[in-house]
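Shown next, in structure tokens, is the structure this report addresses.
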Amino acid sequence: MPEPAAGAVHPDLRTGEPSPWLRRILRGLLGQERRFWVLVVGVGLISGLGAVALLAVLRFTQHLFWQTNTEHFLEGALASPGWRRFLVPVLGGALVTLVSLVVGQPLRGHGTAGIIESIWVKSGRLPFPRALLRGFVSILAVALGAPLGREGALLQTGAASGSALSGWLRLGPGQARVLVACGASAGIASAYNVPIGAALFGLEVLLGSFALELFGPIVVSCVVATLVSRTLIADHPSYVIPHYALTHPRELVLALLLGVLVGGASALYVRGINLTSDLLDKLPSWLTPFMPLVAMTVVGLTAIAGPYLMGNGYDSVNMALHGTLPLALLLILPLAKLAVTSLCAGAGVPGGLFTPSLFFGALLGGAFGMLVERALPGGAAPSGAYALLGMGAVLAGTTHASVSAVLMIFEMTGDYDLILPLMLAAVVAAVVSRRLEPESLYTSVLVKRDVRVPASVPHWLREEGVRSLLSPATQRVPPSATFDEVVVLLLEQPAGADLYVTDAEGRLLGVITLEALKGHLPDHSLLKATVAADVMDTGVQPITPDLSLAEVAARFGHTSLERLPVVDGRRQLLGSLSKGELLKRGRF
């Protein structure tokens with residue numbers, strides 16, 4: 001076989017990267033900005049096709065083991081004998097354990113949290129082969145009965161495609177981050193036919209910003225992915241439900257009450273997932289690869305009594321939305337679902353936590369609706385309407401993303417007449433949940449790894465003001481104070497503190513620093529005639545309470561002082577602000 005010519009370059013078959021000559025061709029075809037938009041479309045197309053392929057695998061596997069398809073999983077599982085309900089989930093656990101042993105590392109970890117970490121910490125880098133493997137195993141595990149969501153696989157493959165394309169074409173970290181978010185959002189859009197909600201989820205949860213520059217690429221990717229999935233899978237809302245309307249003021253009050261209750265339940269959901277994960281992390285390392293088998297065995301045992309906890313729970317949610325689940329199941333299944341979902345996610349079974357949260361919220365809302373119906377016979381809306389509100393409220397409470405939660409639920413059900421109580425319940429649930437559990441389902445995982453993600457609210461709402469960092473100025477002197485008095489008072493001040501000269505009404509006249517006194521020490525004959533007004537610095541620019549902390553930081557950048565005086569509009573001295581305290585507590 002002839003040797004390659006000098007300078008010839010071939011593709012790396014291990015990573016799948018195109019050869020440098022192909023990259024040069026792609027770079028030369030389009031300018032940088034146009035090439036980026038081509039990649040945005042490409043990511044949406046790949047995510048849509050990936051969703052079609054993975055959902056085809058899901059349907060085939062469910063048909064093979066349960067003689068049913070995706071929409072009627074529960075029906076097939078109920079018709080199956082008890083031994084099959086037990087053995088099929090055990091087979092799923094064995095598959096995950098086997099793959100973990102072969103690749104040498106567990107497949108555990110929340111996929112969405114990993115994507116957020118990739119965007120904010122790793123400049124959009126996401127291991128492509130591992131993400132694809134994790135997505136494929138996730139789909140198989142869910143088909144075999146894992147109580148997790150199918151969206152985990154679609155999120156992973158979409159985000160990985162964006163990361164891979166940006167890496168192959170050597171894009172900068174900014175564009176790489178956006179492409180990863182585009183891929184993940186497109187994965188959600190194609191999974192549930194929710195292009196608007198998925199786009200806002202990408203902005204609100206993944207990128208933490210509604211900036212117009214980010215909105216365009218995310219929307220384009222979601223539109224392309226949804227178009228592919230609607231063409232090749234189905235073009236209808238995920239949940240086809242009766243028409244509901246909650247317009248009476250009494251029903252808005254009930255929606256408010258539901259938001260409060262579900263907000264508390266959302267905090268419980270987040271803490272339950274994290275607590276179980278923390279407990280399983282303490283197990284011996286040799287046992288870790290076998291935990292998926294143990295967890296899925298538990299799922300199999302529960303399925304012998306009833307298969308309601310298996311799979312992503314689409315059928316149970318649909319029954320709650322139609323008001324056909326009995327109250328006993330509506331009360332029992334949410335906590336049971338939380339238990340098995342936490343166990344499987346913590347044990348290392350890959351899958352999404354998004355869909356199980358919809359199950360949790362829909363059944364809690366349905367239970368609330370049935371109890372209201374019994375308390376107010378003939379005067380309450382159907383329980384299915386409250387099940388829908390519960391879905392949106394839990395989604396908002398667990399993600400702390402009210403806007404995307406409301407629009408996702410609206411797109412999933414297509415019922416616009418519930419939009420007002422849905423918005424109310426979602427916002428209240430998010431507020432209550434955030435109060436009880438400051439971190440969301442995704443950021444709580446990152447906090448434990450010391451990964452700091454910017455908040456999704458405007459900086460001027462989350463940053464502390466000047467008044468919160470204000471320290472009182474205890475030592476003030478009049479302009480007529482003698483040099484001896486000034487020296488004594490200044491030496492009594494703590495390190496970094498200065499002396500402020502004020503008039504009889506408390507207005508700031510100047511600042512005396514230790515450095516300013518050094519110039520007067522050699523003139524011993526004049527010291528007795530020197531007063532505070534002679535040694536004060538009138539050029540120090542004070543701070544006012546209306547300045548942002550970023551503006552205060554800029555002021556410190558132009559002075560050597562460790563503290564700056566704070567004055568009001570009439571220049572009356574209010575106190576001082578320390579540079580160290582500003583850097584410790586301020587967010588810029």
Side-chain angles (χ1 to χ4, degrees), residues 435 438 447 450 452-455 457-588:
R435 184 65 179 244
V447 167
D450 292 326
R452 213 178 154 192
V453 179
V457 296
H459 70 88
W460 43 267
L461 283 179
R462 70 172 185 269
E463 72 179 13
E464 296 180 87
V466 169
R467 289 188 184 276
S468 66
L469 305 181
L470 190 65
S471 298
T474 56
Q475 295 294 352
R476 312 181 186 196
V477 295
S480 59
T482 66
F483 186 83
D484 291 340
E485 291 179 70
V486 169
V487 171
V488 171
L489 289 174
L490 195 57
L491 291 177
E492 290 177 350
Q493 294 284 80
D498 304 311
L499 204 59
Y500 299 116
V501 182
T502 58
D503 61 14
E505 296 180 358
R507 289 191 292 261
L508 180 69
L509 300 177
V511 179
I512 301 177
T513 66
L514 192 59
E515 289 293 325
L517 292 183
K518 290 180 180 179
H520 294 270
L521 292 178
D523 302 327
H524 298 288
S525 60
L526 302 176
L527 290 183
K528 291 189 176 182
T530 302
V531 293
D534 298 325
V535 294
M536 69 181 182
D537 184 357
T538 58
V540 175
Q541 190 175 10
I543 299 168
T544 55
D546 60 325
L547 292 180
S548 70
L549 297 191
E551 291 172 311
V552 173
R555 292 279 181 91
F556 273 112
H558 294 89
T559 181
S560 60
L561 297 180
E562 290 298 316
R563 284 185 170 273
L564 284 175
V566 182
V567 299
D568 62 13
R570 295 187 299 164
R571 206 176 169 82
Q572 284 193 318
L573 183 64
L574 302 176
S576 64
L577 192 147
S578 162
K579 182 193 296 183
E581 194 68 16
L582 173 74
L583 295 176
K584 181 168 62 177
R585 295 171 60 188
R587 297 179 182 177
F588 316 112

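Keep in mind the model is a prediction, meaning the values are calculated, not measured.
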- Task: Could you walk me through whether Asp537 and Thr513 pass the side-chain contact (heavy atoms from CB on, under 4.5 Å) test, one step at a time?
- Result: CA-CA 8 Å; Asp537 184 357; Thr513 66; 5.9 Å; no
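- Nearest heavy-atom pair across Pro545 and Val567 is CD-O, 3.2 Å.
- Between Ile512 and Val501, the closest side-chain pair of non-hydrogen atoms falls below 4.5 Å.
- Across Val540, Val477, Leu573, a single residue satisfies side chain to side chain contact (heavy atoms under 4.5 Å, CB included) together with Tyr500, and that is Leu573.
- The line from CZ of Arg555 to CG of Leu561 is 12.5 Å long, rounded to the nearest 0.5 Å.
- For Glu485, the salt bridge (charged side-chain N to carboxylate O under 4.0 Å, His left out) criterion is met by no residue, not counting sequence neighbours.
- The salt bridge (charged side-chain N to carboxylate O under 4.0 Å, His left out) contacts involving residues 556-569 comprise Glu562-Lys579, where partners must be two or more places apart or lie in separate chains.
- Between Pro479 and Val531, the closest side-chain pair of non-hydrogen atoms is not below 4.5 Å.
- Under the rule for a side chain to side chain donor-acceptor pair (under 3.5 Å), Thr559 has no partner lying at least two apart in sequence or in another chain.
- When all heavy atoms of Gly506 and Arg476 are compared, the pair lying nearest together is O-NH1, 4.1 Å.
- Sorted by first then second residue, the side-chain hydrogen bond (donor to acceptor under 3.5 Å, both in side chains) pairs that include residues 501-511, not counting sequence neighbours, are Asp503-Arg507, Glu505-Arg507.
- Pro478 is linked by a side chain to side chain contact (heavy atoms under 4.5 Å, CB included) to Ser480, Ala481, counting only residues two or more places apart in sequence or in another chain.
- Interatomic distance, CD1 of Ile543 versus CG of Leu577, reported as 5.0 Å (0.5 Å rounding).
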